[in-house]
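Excluded from the calculations below are hydrogen atoms, water molecules and symmetry mates; all remaining heavy atoms, backbone and side chain alike, are included. Keep in mind that this is a model prediction, so the values were computed, not measured.
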Amino acid sequence: MKIYNTLTRKKEEFVPIEPGVVKMYVCGPTVYNYIHVGNARPFVVFDTLKRYFQYKGMEVKYVQNFTDIDDKLITQSIEEGVTVKEIAEKYIDEYMTDAKGLNIDEASIIHPKATETMDEIIGFIKDLEDAGYAYAVNGNVYFEVSKVRNYGKLGRKNIEDLVSGARILVNDEKKNPLDFTLWKVKKPGEPAWVSPWGEGRPGWHIECSAMIRSLLGETIDIHAGGSDLEFPHHENEIAQSESLTGKPFANYWMHNAMINTDGIKMSKSKKNFFTVRTVAEEFDLEIVRFFLLSSHYRSPINYSRKIVEQSKAALDRLYKSKYQMQHLMGLELPETDDLAAQVKAEASQFVSRFVDAMEDDMNTADAISVMFEAVKYANTHLSETSSKESVQALYDALMEMGGVLGILYREKENLGLDIQALIDERQAARKNRDFARADEIRDQLKAEGIILEDTPQGVKWRREE
RNA sequence: GGCGCCAUGGCCAAGUGGUAAGGCAGAGGACUGCAAAUCCUUUACCCCCAGUUCGAAUCUGGGUGGCGCCUCCA
């Protein structure tokens with residue numbers, strides 16, 4: 001598989017450290033509020049990557065942290081009038097609800113929390129201090145950027161440019177304006193942990209380095225996150241970890257592009273965000289997942305209601321074909337026929353092309369287009385005269401592809417027996433040209449929110465929206 | 001100002017040297033007691049100007065426009 005590595009700005013063949021095992025880390029949410037669609041993108045995108053690795057038979061050790069101590073949590077706790085811990089617990093729960101709706105496979109994700117990794121974080125800072133990369137001033141500990149060669153290698157920055165940018169906050173304690181905080185001294189009323197430098201809490205960047213070291217080791221295969229984290233967050237993680245171990249921190253860096261609202265990056269601070277929760281009030285979150293995967297993860301996408309509606313219509317097309325094939329499988333079909341061999345060959349071609357797309361830096365947009373081609377083929381070639389073998393082959397292919405992307409998992413609900421009886425009665429009435437009775441039944445069901453459609457493939461029903 | 005990325009039909013979006021995938025919307029057709037839906041078919045010379053090449057959306061240079069980061073939004 002080819003993966004675009006931000007470190008080298010090239011697509012590279014992915015070779016895991018240990019054959020058959022992928023160790024990956026994704027920067028998770030700061031749990032001080034609901035996540036928005038922009039936050040959700042990396043979670044969905046890299047969940048899909050994980051699914052694909054698993055599909056290929058690889059074992060994936062996948063870590064995604066919760067930042068549960070931070071200025072924003074403190075601010076939010078004051079606003080809501082509860083403790084920081086309660087804020088964290090609340091929004092972790094809310095994250096889990098959204099993740100479930102987005103069909104993120106939480107069962108195979110390890111979620112460390114900063115507050116539960118405190119020993120490792122403090123140990124990491126201590127190690128940096130002992131190794132001469134960190135210095136303490138008045139209970140604060142800073143990382144000394146000038147001690148690191150190649151600082152800026154990920155973000156393609158050089159120190160002179162950054163300093164001359166002069167937009168960095170002046171801080172008298174720092175030896176160099178670029179030095180960043182590893183440990184913050186406690187302020188009155190704030191949660192704090194005991195450390196060699198006094199009571200305080202960890203800085204912004206150290207938790208990821210510490211979690212990775214303790215859960216995945218010194219070198220991991222893939223480190224992923226939003227492209228906005230490239231600098232300084234990921235740069236600083238590299239500085240922290242590589243200065244300590246002298247080894248590569250992550251072999252592949254993957255960054256998803258941003259989600260925009262009217263062309264501007266969706267973010268809490270710009271107040272142009274849509275929370276996943278808000279969107280869920282109107283749309284099934286599977287649509288959002290589909291939307292997020294329908295363009296390449298490294299392309300910026302614009303979020304709008306119109307686009308979500310387009311995604312809904314597109315996803316519906318896939319579902320209709322799925323349901324139609326299920327309908328056919330429920331019929332008395334011959335086991336096989338002359339066409340079966342060809343249909344099976346086509347089905348495996350679709351899967352093969354789907355895999356090719358995924359192999360190419362996870363091109364989910366292209367992969368989805370293969371699903372639509374498979375659907376068109378099924379719609380065109382399958383009917384009530386097809387064989388079980390043919391229908392099953394295309395159905396399996398479609399579901400296999402959908403499974404990798406984490407979509408197309410819903411099942412059509414069963415109608416109650418009494419309703420099915422009404423539909424049957426209406427069919428009988430239509431056959432006898434008793435259209436008055438037929439329309440009466442149709443109106444009756446419509447009043448119950450069930451819409452009947454007489455199609456060439458038989459009577460179909462759907463829930464009114 | 002510095003660094004990086006991007007620009008494909010009404011909307012969305014693949015495609016990195018050989019004469020433009022796919023979806024939505026639109027149009028036409030099929031089907032149909034009606035209604036609705038469904039199914040099929042169908043619509044582009046790829047921001048502009050030079051250049052390289054037998055040949056470029058795809059490579060190079062310039063221009064225009066947009067975005068991200070350099071500001072603890074993560």
Side-chain angles (χ1 to χ4, degrees), chain A residues 6 9 11 27-30 32-33 35-36 38-39 42 67 70-72 152 154-158 160-169 178 180-181 184 203-205 225-236 255 257-258 260 263-273 290-291 294-296 298-302 304 306-318 320-321 324 353 357 360 363-376 378-380 383 429-431 433-436 438-439 442-443 446 451-462:
Chain A
T6 310
R9 313 265 164 177
K11 278 187 198 173
C27 289
T30 298
Y32 72 107
N33 215 319
I35 62 167
H36 63 243
N39 299 136
T67 297
D70 173 275
D71 287 349
K72 293 183 291 294
L154 178 69
R156 298 291 153 106
K157 313 282 186 192
N158 65 67
E160 297 77 55
D161 286 347
L162 289 166
V163 172
S164 68
R167 289 184 170 181
I168 295 157
L169 233 56
L178 293 181
F180 55 89
T181 305
K184 283 186 178 182
W204 184 25
H205 312 291
S227 62
D228 51 351
L229 297 183
E230 222 175 284
F231 193 93
H233 183 56
H234 290 159
E235 193 72 56
N236 291 348
H255 291 98
M258 296 295 96
N260 299 329
I264 304 297
K265 172 183 160 187
M266 188 184 291
S267 69
K268 298 245 168 72
S269 58
K270 294 205 177 68
K271 299 196 166 36
N272 63 347
F273 61 90
F290 179 84
F291 158 70
S294 59
S295 54
H296 187 90
R298 284 189 289 110
S299 301
I301 42 182
N302 215 41
S304 70
K306 179 181 175 185
I307 299 303
V308 179
E309 283 172 348
Q310 287 190 5
S311 296
K312 175 177 160 55
L315 184 60
D316 275 350
R317 181 172 163 83
L318 298 181
K320 275 163 188 159
S321 188
Q324 175 61 12
R353 287 174 52 209
D360 182 16
N363 193 334
T364 52
D366 216 11
I368 285 174
S369 78
V370 175
M371 293 182 73
F372 280 103
E373 289 184 46
V375 159
K376 173 163 285 185
N379 289 341
T380 316
S383 71
R430 290 179 67 211
K431 200 170 179 181
R433 304 194 67 80
D434 180 2
F435 298 122
D439 290 349
R442 184 166 64 192
D443 290 343
K446 185 166 193 302
I451 300 198
L452 296 185
E453 292 157 359
D454 303 321
T455 77
Q457 292 84 34
V459 187
K460 291 192 177 174
W461 64 271
R462 62 187 167 88

Rounded P spacing from C45(B) to C40(B) in Å: 26 Å
Rounded P spacing from C11(B) to U53(B) in Å: 36 Å
Lys306(A): partners by salt bridge (charged side-chain N to carboxylate O under 4.0 Å, His left out), with sequence neighbours left out: none
Audit row: Arg442(A), Asp439(A), salt bridge (charged side-chain N to carboxylate O under 4.0 Å, His left out) steps and yes/no: CA-CA 5 Å; Arg442(A) 184 166 64 192; Asp439(A) 290 349; 3.4 Å; yes
Residues in ring pair (Phe, Tyr, Trp, His ring centres under 6.0 Å) contact with His296(A), at least two apart in sequence or another chain: none
Distance, P atom - from A25(B) to G62(B), rounded to whole angstrom: 43 Å
Residue whose nearest RNA chain B nucleotide is more 5′ - Asn39(A) or Ser294(A): Ser294(A)
Between C59(B) and C24(B) - P atom distance, rounded Å: 30 Å
Nearest-angstrom distance, C1' atom, A13(B) to G23(B): 8 Å
Test item: Lys268(A) and Asn39(A) side chains (from C-beta on) under 4.5 Å apart, heavy atoms: yes
Listed partners of Phe291(A) passing ring pair (Phe, Tyr, Trp, His ring centres under 6.0 Å), at least two apart: Tyr303(A)
Nearest listed nucleotide, side chain of Arg430(A), among G15(B), C40(B), G33(B): G33(B)
Gap in Å between the two P atoms, one belonging to G61(B) and one to G28(B), rounded: 48 Å
Closest-nucleotide ordering on RNA chain B, the 5'-leading residue of Ala438(A) and Leu315(A): Leu315(A)
Under the side-chain hydrogen bond (donor to acceptor under 3.5 Å, both in side chains) test, residues paired with Arg430(A) that sit two or more places apart: Gln427(A), Asp454(A)
Separation of the C1' atoms in U64(B) and C47(B), to the nearest angstrom: 8 Å
Residues forming a salt bridge (charged side-chain N to carboxylate O under 4.0 Å, His left out) with Asp434(A), sequence neighbours excluded: none
Could you pull out the protein-nucleic contacts involving nucleotides 19-21 of chain B (nitrogen or oxygen on both sides, under 3.5 Å)?
residue, atom, partner, partner atom, Å
A21(B), O2', Glu373(A), OE2, 3.0
A21(B), N3, Ser369(A), OG, 3.2

Aromatic-base stack, Phe435(A) on G33(B), cutoff 5.5 Å, angle under 30: yes
Pairing residues for Asp366(A) by the salt bridge (charged side-chain N to carboxylate O under 4.0 Å, His left out) criterion, not counting sequence neighbours: none
Kindly give the atom pairs (protein nitrogen or oxygen, nucleotide nitrogen or oxygen) under 3.5 Å for nucleotides 65-69 of chain B.
residue, atom, partner, partner atom, Å
G68(B), OP1, Lys265(A), N, 3.1
C69(B), OP1, Lys265(A), NZ, 2.3
C69(B), O3', Phe231(A), O, 3.3
C69(B), O2', Phe231(A), O, 3.2
C69(B), O2, Lys157(A), NZ, 2.8

P-based separation of A7(B) from U60(B) [nearest Å]: 13 Å
For His36(A), ring pair (Phe, Tyr, Trp, His ring centres under 6.0 Å) partners two or more places apart: Phe273(A)
